[in-house]
2 protein chains.
Amino acid sequence: MLSTDTRNNARNNARKTTANNTTDPLYRQVARELIADIEAGVYPVGHKVPSVRRLSKTREVSISTVSQAYSWLEDQGWLMARPQSGYYVRACFSPVPREQVADALPPASQGEAPAEFTKAGLITDMLGQINRSSQINLGAAIPAPEVLPLRQLQTHINKVSRFYTAAVLDYQFSPGLEALRRQMAARMRDVGVRCLASDIIITNGCAEALTLCLRATMRAGDLLAVESPCYYGVLQVAGLLGLKIIEIPTDPQTGISVEALQLALEQWPVKMVAVNSRYSNPTGSVIPQDNQKMLLRLAEQYDIGIIEDDVYGELGYPGTAGDQPFNTVLKTFDRDGRVLYCSSFSKTLSAGLRVGWCIPGRWYRQVCEQQTFTTFSAPSLSQYAVSSYLQNGQYDRHLRQLRPKMAEYTRCMLDAVHRYFPPGTKVTEPRGGFILWLALPPPVDATELYHAAARQSVAIVPGGLFSNTGHFDHCIRINTSLPWNKDIDRALQTLATLTAKQLDNAS
Amino acid sequence: MLSTDTRNNARNNARKTTANNTTDPLYRQVARELIADIEAGVYPVGHKVPSVRRLSKTREVSISTVSQAYSWLEDQGWLMARPQSGYYVRACFSPVPREQVADALPPASQGEAPAEFTKAGLITDMLGQINRSSQINLGAAIPAPEVLPLRQLQTHINKVSRFYTAAVLDYQFSPGLEALRRQMAARMRDVGVRCLASDIIITNGCAEALTLCLRATMRAGDLLAVESPCYYGVLQVAGLLGLKIIEIPTDPQTGISVEALQLALEQWPVKMVAVNSRYSNPTGSVIPQDNQKMLLRLAEQYDIGIIEDDVYGELGYPGTAGDQPFNTVLKTFDRDGRVLYCSSFSKTLSAGLRVGWCIPGRWYRQVCEQQTFTTFSAPSLSQYAVSSYLQNGQYDRHLRQLRPKMAEYTRCMLDAVHRYFPPGTKVTEPRGGFILWLALPPPVDATELYHAAARQSVAIVPGGLFSNTGHFDHCIRINTSLPWNKDIDRALQTLATLTAKQLDNAS
């Protein structure tokens, strides 16, 4: 086996001469491209590289040129030949960072980095880190795998992929799998919503449902009323659509202020209002039934539509009022199809399956068309799998187990917040869901805290994302869906310490 | 068992008295709502209805009221009780159409039917029919299940759902599963595109890729140049985004006319151009390598971006030039990241998995953010399954089998068109893909033909959808991915007869 030095020489030599390709033989150019690809990780160590015949065809050079290039690469220690199989990337060299091979790649293929800091950039960045197991995810609100019915989902995925060809191969065009829509229609009865399978559209999670509803009902320049604070996704989509935003004061207990909304409706040409009905993101608020009715009356009076996000609705903590203390939603009181109800299974079953649904009322056709021309449909396999899972009634059993767990985990985190965070810290006491909303003592800067925490492998969401005003720049959102353990305890201590440090520096 | 009559009486009686709910006892109202739900198919025959306890909670009435309602429904023959299990919907009655139960449902929950005929409506309608096996689908371009590797996909779906928790439960946030992006980067080498995994974004099929690219690069009012005719989805999305469209003459052999595009660029503020590079939809055109280079030079000269749709690119018919007679795409010659390349596995592997990808060049971040705030990600399970399938090299083997089949099926259909259609019919002779584009002798109206054919269970796509001009109202698109058989032969005869009939009526 050759020493890495030889290879480095080859590599450097390769890079040096890239500039003046034309001067040296064709086989060297072919070889150099392959070195660049190997270094860039396109062909990882141990993986097969294209066959001689194939490369000669795609690169439009003779078989013998490629063979020459490959044996040179073999000599240089980059490739090893396996009889009857082909050439493979040889182990024992350290892949080098991308910029070093940039010269072999189309320049600026990704353009420049964004000039200034953007919230969208921060969110993309934040979500991008989630799949890193090294991090403790108190950021994105995703249920921990431990609390989800993995085995059962696997069973149903295998079952439907075996028995339904369509689940594996065919589209299930908007509005989606009828069996699933029928099941959802029946489930909606639990919150007093009397709709039919033909009123429901299956979506790629609640995110797509909300986006489709905004697209179907609003045009650029229209005015959207939202809670303050509200789910950051709504603000981002609104931004992408060029909507104007008016933020309505929102109570951590009772949700959006009906009085404040009425005041806004009197003064501004609000076209739609977007609200969380139960266990809202980020404050955990629940709109009381009386307020739900008042909101509907307001909507009728001013003839506006309501986009209702109920994605946490199934996660009410067990209490005196039973498993589902709040068993109505805005859609329950919708008399003329002006409420667009959105939800999904991402918070209770699986985020990866990407199955949500919406009941767009009078905008049914518009939402259907929006979906048809953007994503066509939700994934068929997921639709069949969820439908099969619901079929045998395991979902309600699962929810009965999930709710007390979420209550317990949230309680543990809440205690830790009280235990560790500096005086002056305020925190919500949700009655469902798995989110805590902390208001840290000013002048703490949550975005600064976010970056500091990330450096210590703790993810949180800075409050500034939940509003276009600066009102929540001292707040943070914490995901409480993780089974309590020492690491999480330590993570919360870290956050508290970093907060205290900021306060000290300020004073 | 009671006669259906009794039940009908009960039903009619139920409906009659719905108007004056208040007059009769609460248990009757509860019972009537359930009858409405059963008739509407919310609770299908043989399915379980909500437990007494559950309904009493959601309906906020006493246990005894619900019990009373259920035993009345049992007497009326609507429900049957199963000990230790609950109440089930009894068989032996014919579900009635929806309007009959409308009075028990929120009025106008879907709003009115669209006043006038719309292309979007026709497309939604057309796609909605595809899942009906009764139809012969010469419409939507979806490969027939028989030619797809069902067993292998099932194996890989089961494998990844067993071995990767994340495949079942977690998001794979934009840009998507890295292993898959790496595989795609390697595959792109086959068409001479030298990109990295970090240049690729996995999408919900090519449809989402195209939509994200249009959203990331265009604003309402911007001018988009497209082929004439072009894939109808692009025109629809452009419409949804409020883009202006300029159609560029396109040759069924060589694709978009470079000269005509240059002329347009000289006269109009075109911002982007959207093109099919290989085996285009609908004409099957392929842009020759020289034209590809000229298009890139034009784009650089006028500083516009190119959205490249290559979704049929892998389906070149075996010919003298080998399996892949056209082994470059526009992206191959992209020096500064101005080409946004889009493709998917929907035409070669599975449409239901919803896995596509795009290489957005300098707009990478914008496309990523667009996806993050609209669908978050492509389905995780699908991403893992496709990656696992690609891993063991079955894909290329599959393609080698698929291409000659598509060539054969298309040839059969082509012969049938020559055999049956009236003189004056023109038809394309594609070198790849599975689409035929027919220009019928004027004054044939393709939309009329579409409806007439649908009545005889034959689906086609009317040419008018592929342009905002009226130039193709006498054209139709035919999906040729179906293994040849008598039914298809008959379907083509039907189309030919209906065409001839229109001509007779005209003369």
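Throughout, protein chains are lettered first and strands after them, A, B, ... in sequence-line order, and every chain is numbered starting at 1.
With respect to chain B, the highest number of heavy-atom pairs below 4.5 Å among T375(A), T374(A), T165(A), V339(A) belongs to T374(A). Taking Q371(A), R59(A), Q370(A) one by one and counting their heavy-atom pairs under 4.5 Å with chain B, the maximum is reached by Q370(A). Looking only at heavy-atom pairs under 4.5 Å with chain A, the residue among V49(B), T203(B), L55(B), I123(B) that has the most is I123(B). Annotation: maximal heavy-atom pairing with chain A below 4.5 Å, among Y232(B), F373(B), Y43(B), F376(B), occurs at F373(B). Per-residue counts of heavy-atom pairs under 4.5 Å with chain B were compared for L148(A), L150(A), N158(A); the largest is that of N158(A). Here Q236(A) is the residue among K48(A), Q236(A), E208(A) with the most heavy-atom pairs under 4.5 Å with chain B. With chain A as the partner, the residue from L214(B), I157(B), V193(B) showing the most heavy-atom pairs under 4.5 Å is I157(B). The candidate from P175(A), A351(A), P149(A), G356(A) with the greatest count of non-hydrogen atom pairs under 4.5 Å with chain B is A351(A). In terms of heavy-atom pairs under 4.5 Å with chain A, the best-connected choice from L241(B), D190(B), L240(B) is D190(B). Comparing A385(A), G233(A), G192(A), A120(A) by how many heavy-atom pairs each has under 4.5 Å with chain B, the most go to A120(A).
For the pair N327(B) and T58(A), the tightest heavy-atom approach, listed with the atom from each and the gap, is ND2-CA, 4.0 Å. The minimum heavy-atom distance between G337(B) and K331(B), with the atom names listed, is CA-NZ, 4.4 Å. In plain terms, the two heavy atoms of A185(B) and A197(B) that are nearest each other are CB-N, 3.7 Å. Smallest separation of non-hydrogen atoms from W363(A) and R338(A): CZ3-O, 3.5 Å. The two atoms that bring E369(B) and T118(A) nearest to each other are OE2-OG1, 4.3 Å, heavy atoms only. A pairwise comparison of heavy atoms in V355(A) and Q383(A) identifies CG2-N, 4.2 Å as the closest pair.
Heavy-atom distances place no part of E178(A) under 4.5 Å from chain B, backbone and side chain included. Of the two parts of T211(A), only the side chain, counted from C-beta on, holds a non-hydrogen atom closer than 4.5 Å to a non-hydrogen atom of chain B. Contact annotation for L349(B): only backbone heavy atoms (N, CA, C, O) come within less than 4.5 Å of a heavy atom of chain A. With a 4.5 angstrom heavy-atom cutoff, S377(A) touches chain B via backbone and side-chain atoms both. Neither the backbone nor the side chain of P50(A) comes within contact range of chain B, judged by heavy atoms closer than 4.5 Å. Interface remark: A186(B) contributes backbone and side-chain atoms alike to the contact with chain A (heavy atom separation under 4.5 Å). Using a 4.5 Å cut-off between heavy atoms, T372(A) touches chain B through its side chain atoms alone. Heavy atoms of L353(A) lying under 4.5 Å from chain B belong to its backbone as well as its side chain. A220(A) does not touch chain B: none of its heavy atoms, backbone or side chain, sits under 4.5 Å away. Proximity to chain B (any heavy atom under 4.5 Å) is restricted, for E60(A), to the side chain, taken from C-beta onward. For L212(A), no part lies under 4.5 angstrom from a heavy atom of chain B. Interface residue L169(A): backbone and side-chain heavy atoms are both found under 4.5 Å from chain B. Contacts between R54(A) and chain B at a heavy-atom distance below 4.5 Å involve the side chain alone, from C-beta outward. With a 4.5 Å cut-off on non-hydrogen atoms, R215(A) touches chain B through its side chain but not through its backbone.
We find the OH-NE2 distance between Y384(A) and H156(A) to be 16.0 Å, quoted to the nearest 0.5 Å. For the atom pair CD1 of I359(A) and SG of C195(A), the computed distance is 4.0 Å after rounding to the nearest 0.5 Å.
Remark: D37(A) engages R194(B) in a salt bridge, criterion side-chain N to carboxylate O under 4.0 Å.
Between S346(B) and Y171(A) the shortest side-chain heavy-atom distance falls below 4.5 Å. Put simply, the side chain of N204(B) reaches to within 4.5 Å of the side chain of P379(B), judged on heavy atoms. Contact check for T328(B) versus V191(B): no side-chain heavy atoms found under the 4.5 Å cut-off. You'll find the side chain of L381(B) stays beyond 4.5 Å of the side chain of R354(A), heavy atoms only.
Applying the salt bridge (charged side-chain N to carboxylate O under 4.0 Å, His left out) criterion to R187(A), with sequence neighbours excluded, gives E314(A), D396(A).
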